[in-house]
Amino acid sequence: MRILNVRVWMLVIGVAIGGFALIGPEAQGQNMIQVKGSDSEVNLVQRLAEVFMQKNPAVKIGVTGGGSGTGIAALINKQTDIANSSREIQPKEEEAAKSAGVQPFRVVIATDAISIITHPSNRVSKLTLEQIGKIFKGEITNWKEVGSKDAKISLYGRQSNSGTFVFLRDSVLKGDYSPNMKAMNGNAQIAEAVKRDAEGIGYVAVGYVVNEKEEVMEGIKIVDVAKEAKSTAYTPAKMENVMSLKYPITRPLNHYTNGKPAGGVLDFLRFEISGEGQKIVRKEGFFPVQKDWMEFNRKQGL
Amino acid sequence: MKKRWSERLGFLMLYLAGVLVLFFLGVILFDIFIKGVGVLSWKFLTQPPRMGMTEGGIFPAIMGTFMVSIITVIFAVPLGMFAAIYLNEYARPGKITRLIRLAIRNLSGVPSIVYGLFGVVLFVQMFRFGTSVLSAGLTLGLLTLPWTITACEEALKTVPKSYREGALALGATKWHAIRTNVLPYAIPGMMTGVILGLSRAAGETAPILFTGAAFFLPNLPKSLFDQFMALPYHLYILSTQHHAIEKVRPIAYGTALVLLGLILLLNLSAIWVRYRYRQKMRG
Amino acid sequence: MEEPYEPSVTIEEAPVEKAWLHKRIDTKDKTIAFRKLRARRLNEILIEKFFFINGLLAILILLSIFSLLFVKGFPAIKELGWKSFFGSSVWIPNSYSTPQYGILSLITSTLMVTIGALVIAVPLGVACAAFISQVASPRIREILKPTVEILAGIPSVVVGFLGIILVNPLIAKLFGISNGLNALNGSILLAIMSLPTIISLSEDALRAVPNSYKEASLALGGNDWQTLIRVLIPSALSGIIASIMLGMGRAIGETMTVLMATGNAPALTFNFLNAIQTMTATIAIELGEVPYNTTHYYALFVIGLVLFIMTFVVNLVSDIILQKYQQVER
């Protein structure tokens with residue numbers, strides 16, 4: 001049987017290996033803009049990409065999640081064009097980037113307010129930053145310690161690749177999360193878990209639980225947060241609270257590129273911070289870029 | 001003869017065990033079918049996802065799984081066949097042969113995520129293939145290899161010795177004898193094994209997590225070095241990481257149904273091949 | 001099962017080859033015939049070598065995987081020392097303050113779900129195997145055997161998916177706890193995944209017990225149940241144990257199912273109703289986010305190495321048991 005001629009097979013395998021080895025790195029499919037990273041940003045950027053591609057059919061953009069850490073790692077490993085990051089790049093990552101020859105260039109595209117969510121039956125309606133920190137660090141373990149019934153607190157959070165994870169830890173907890181916190185794969189999973197767990201508490205990006213009309217998603221409750229025990233507690237659902245920084249857990253949502261962007265990437269970034277792009281941001285439940293950050297963007301040449 | 005109570009009870013438990021296993025499979029298939037069939041349609045199978053995955057179909061995922069599987073087969077089948085030919089036709093009982101068999105058994109037990117680790121270092125980084133159809137296909141190929149070797153060896157074993165001896169007696173060289181008198185009869189059996197191995201590879205997620213699978217790509221992979229969408233990875237993301245988890249739940253069920261359907265189809269065709277082969281051997 | 005194939009006629013003895021020695025050929029023919037023969041022999045030897053290399057491939061791949069895990073994991077061990085990995089149960093590589101790489105809790109989590117899975121799957125699997133091989137009528141057998149095969153083919157993502165959607169609320173309701181993503185959930189799912197392995201191999205083992213054993217037991221007055229429990233299963237024990245070990249290996253190495261259904265909380269716990277994080281899930285979660293060639297990256301390879309060694313040992317034990325079993329039978 002001719003197909004079984006061993007010499008032919010040896011030739012085929014040899015050519016295949018040789019061919020790949022030679023053509024390999026050159027033939028990388030490069031005509032698509034790769035965006036990778038933050039789960040908090042993924043559906044927002046996907047929506048922005050969809051609209052942008054409708055207006056510019058020549059450009060193709062692929063958006064994946066995986067967490068801010070994954071995105072920045074991909075940028076450093078030169079596997080993505082844009083890294084979505086819901087936190088700032090860390091010094092360790094900057095070092096790694098420098099040694100890999102990558103220059104992170106930051107653009108802010110939206111504002112997020114990390115929302116603390118609980119089950120609707122939970123009596124607690126406001127918490128201070130300190131309480132939130134202690135709860136997630138595992139120092140407060142029972143709901144009665146914050147004014148609700150006697151029940152163990154069931155913690156939900158993200159995995160360590162999440163920018164939300166890192167941001168909350170560095171700005172509110174200032175310590176490590178409790179090892180009893182269940183590490184979910186994404187914002188939506190946290191929301192879904194808390195919906196079913198009467199003793200649950202979790203943290204999510206605001207766009208996942210509030211829509212542009214400032215309505216809260218069904219089945220969960222957002223806790224108002226106060227800076228200190230005596231201050232007023234604000235809800236992240238209202239744009240006014242977030243833009244004026246009255247709500248204390250606010251953060252910019254970022255893109256990082258390797259060096260100053262150009263071509264299709266630059267066009268896409270410009271679209272995102274344009275009026276139309278910012279309208280889409282709002283529609284997805286997030287908030288527009290704050291004035292200072294917009295200045296920062298302009299100064300960089302966007 | 002009247003059976004004692006303990007005996008009756010014992011056999012009842014055995015019966016229950018059988019029923020329970022049937023029950024498990026039944027629940028799995030039933031649940032996925034009922035909740036997934038509503039989403040299924042020609043459009044679902046042939047259109048790409050839209051509106052951030054909340055609408056549209058899963059066509060790119062099906063194509064992606066398909067493409068990766070082709071690479072897996074190209075890699076694992078010849079190598080598996082040749083290794084099986086060695087083991088069954090040429091190998092002499094001895095230390096090396098025993099070591100090879102030990103290695104094969106161990107390889108089939110290695111966790112799929114370890115294959116993923118290996119694939120990331122070897123194919124993505126060292127060979128510089130990047131996260132691509134090629135890297136993922138080769139990684140899956142490694143995963144499938146022990147299975148292919150075993151299956152091909154089993155197929156070769158079922159060919160009677162007399163076939164080989166007859167050819168040799170007529171003056172053929174060993175390879176000639178194998179090529180003309182053994183392989184043609186073993187091919188259907190090998191194909192069965194290959195198809196079963198393929199069905200396993202199609203459902204694996206861990207090896208492709210970091211070697212090439214992506215969630216939202218606007219177009220199909222244009223070359224072997226592009227990333228791709230895949231059914232099992234799609235299901236994973238839809239059910240854990242997606243931003244509108246409850247909204248896309250039906251699509252997740254649909255994906256699971258398509259994946260199961262694909263695997264069942266492959267299994268059935270493997271069984272059909274084995275059936276026809278047995279008929280041929282008898283006749 | 002046929003013995004390994006041994007050719008009863010080798011190339012050297014084939015009459016054709018010797019024929020040319022005795023045949024009277026004129027000069028021209030002799031040269032061509034000799035050359036042809038030599039070429040064919042060379043061809044044969046090359047082909048045999050080619051197949052031999054392919055055969056060695058399995059060993060090569062196994063060694064490569066091991067050495068890669070070792071080489072990539074070693075920098076982490078060198079930098080942090082054995083104790084920080086194996087002497088601590090706190091795994092926080094991305095700590096706010098000091099990164100910790102203790103994998104003890106990961107190991108115990110893996111062992112918990114594995115043992116939990118075996119507790120469910122072994123009695124169920126062996127009972128089902130006994131049912132299929134001894135008790136079931138041929139018609140029922142025709143239904144059950146394909147069932148087990150199909151169960152074996154269900155991908156781990158699908159099982160994990162159902163774990164999140166079906167088993168999760170079930171456990172929560174049953175035990176009155178707030179959510180069902182925990183070790184118990186993982187154990188149930190892993191049991192479902194290792195059942196087919198245990199069932200089919202145990203069934204093979206039971207069927208391989210010579211009929212004479214069964215007949216002798218019945219002849220001596222034992223009833224069917226006693227025959228099964230006291231004669232058949234003990235005779236097939238090594239095969240059954242080997243199947244359990246293989247099922248165990250599968251449970252240890254399973255990734256997606258535990259990733260989706262066990263809650264992923266890396267705390268050290270022995271409570272099955274708590275969330276846990278297995279070794280495989282840890283690698284799957286964190287491999288995507290580490291920049292290559294950092295300590296955290298190398299640490300993941302250490303976990304991979306531990307996994308590899310565990311499944312290697314389990315396979316080895318299963319092999320030894322099976323070998324002893326075959327010796328006993330002869």
Side-chain angles (χ1 to χ4, degrees), chain A residues 6-7 9-10 36-37 64-77 79 90 92-93 95-97 99-100 102 119 137-138 151-157 159-162 165-166 169-170 173-185 189 192-194 196-200, chain C residues 43-44 46-48 50-51 53-54 89-100 102 105-106 109 160 164-165 168-169 172-173 176-182 259-260 262-269 271 274-277 281-282 284-297:
Chain A
V6 180
R7 267 178 269 170
W9 270 116
M10 283 164 77
K36 238 188 218 179
T64 348
S68 308
T70 309
I72 296 186
L75 187 73
I76 297 176
N77 297 330
Q79 282 172 346
Q90 292 177 318
K92 256 198 298 183
E93 291 166 329
E95 263 179 57
S99 35
V102 168
H119 194 262
K137 276 192 280 197
K152 226 169 70 148
I153 301 183
S154 175
L155 291 172
Y156 293 93
Q159 295 155 359
S160 57
N161 56 4
S162 154
F165 172 104
V166 173
R169 179 191 73 191
D170 293 347
L173 270 73
K174 305 213 206 283
D176 284 319
Y177 287 94
S178 158
N180 287 309
M181 181 180 80
K182 287 171 276 287
M184 313 304 272
N185 221 350
Q189 232 193 347
E192 221 201 334
V194 170
R196 298 189 201 185
D197 188 340
E199 282 111 44
Chain C
N43 198 13
E44 284 293 312
L46 271 179
I47 290 183
E48 183 168 345
F50 172 71
F51 283 128
I53 294 180
N54 270 294
S89 62
V90 183
W91 172 265
I92 311 185
N94 298 29
S95 167
Y96 182 71
S97 39
T98 40
Q100 300 203 52
S105 55
L106 303 177
S109 297
I164 297 181
I165 300 195
N168 179 357
K173 222 189 278 181
I177 51 175
S178 57
N179 91 311
L181 293 178
N182 45 32
L259 179 61
M260 293 164 90
T262 55
N264 298 321
L268 180 66
T269 172
N271 183 349
N274 278 345
I276 51 148
Q277 185 165 306
T282 309
I285 293 174
E286 301 182 9
L287 187 60
E289 68 138 329
V290 278
Y292 296 152
N293 305 327
T294 57
T295 311
H296 188 179
Y297 182 69

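To find a chain, count down the sequence lines: A is the first, B the second, and so on, and within it residues start at 1.
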Participant: Please rank A:A198, A:G175, A:S154 by heavy-atom pairs under 4.5 Å with chain C and give me the top one.
Facilitator: A:G175
Participant: What closest approach, in Å, do A:K182 and C:A275 show between heavy atoms, and which atom pair accounts for it?
Facilitator: CG-CB, 3.5 Å
Participant: Calculate, to the nearest 0.5 Å, the distance between atoms CD1 and NZ belonging to C:I177 and A:K152 respectively.
Facilitator: 10.0 Å
Participant: Heavy atoms only: give me the nearest A:N180-C:A267 pair and the separation to one decimal.
Facilitator: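 For A:N180 and C:A267, the tightest heavy-atom pair comes out as OD1-CB, 3.3 Å.
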Participant: Return the CD1 to OG distance between C:I285 and A:S162, rounded to the nearest 0.5 Å.
Facilitator: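 Rounded to the nearest 0.5 Å, the CD1-OG separation comes out at 12.0 Å.
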Participant: For the residue pair C:T294 and A:K92, establish whether any side-chain heavy-atom pair is separated by less than 4.5 Å.
Facilitator: no
Participant: Which of the residues C:P93, C:P169, C:P266, C:S105 is involved in the greatest number of heavy-atom pairs with chain A at under 4.5 angstrom?
Facilitator: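 Among C:P93, C:P169, C:P266, C:S105, the one with the most close pairs to chain A is C:P266.
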Participant: For the interface with chain C, which of A:M181, A:E199, A:Q189, A:M184 has the highest count of heavy-atom pairs at distances below 4.5 Å?
Facilitator: A:M181
Participant: Side chain to side chain donor-acceptor pair (under 3.5 Å) with A:T70: which residues, sequence neighbours excluded?
Facilitator: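 Applying side chain to side chain donor-acceptor pair (under 3.5 Å) to A:T70 gives none.
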Participant: Less than 4.5 Å to any heavy atom of chain C: does that hold for the side chain of A:K36, its backbone, both, or neither?
Facilitator: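 No part of A:K36 comes within 4.5 Å of chain C.
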Participant: Among C:N179, C:T262, C:L46, which has the most heavy-atom pairs under 4.5 Å with chain A?
Facilitator: C:N179
Participant: To the closest 0.5 Å, what do you measure between CG (C:L287) and CG (A:N161)?
Facilitator: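 Output value for this atom pair is 11.0 Å.
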Participant: Is it the backbone or the side chain of A:E95 that comes under 4.5 Å from a heavy atom of chain C, or both, or neither?
Facilitator: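 A:E95 has no heavy atom closer than 4.5 Å to chain C.
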Participant: Examine whether an atom of C:I92 lies under 4.5 Å from a heavy atom of chain A, and if so say whether it belongs to the side chain, the backbone or both; otherwise answer neither.
Facilitator: side chain
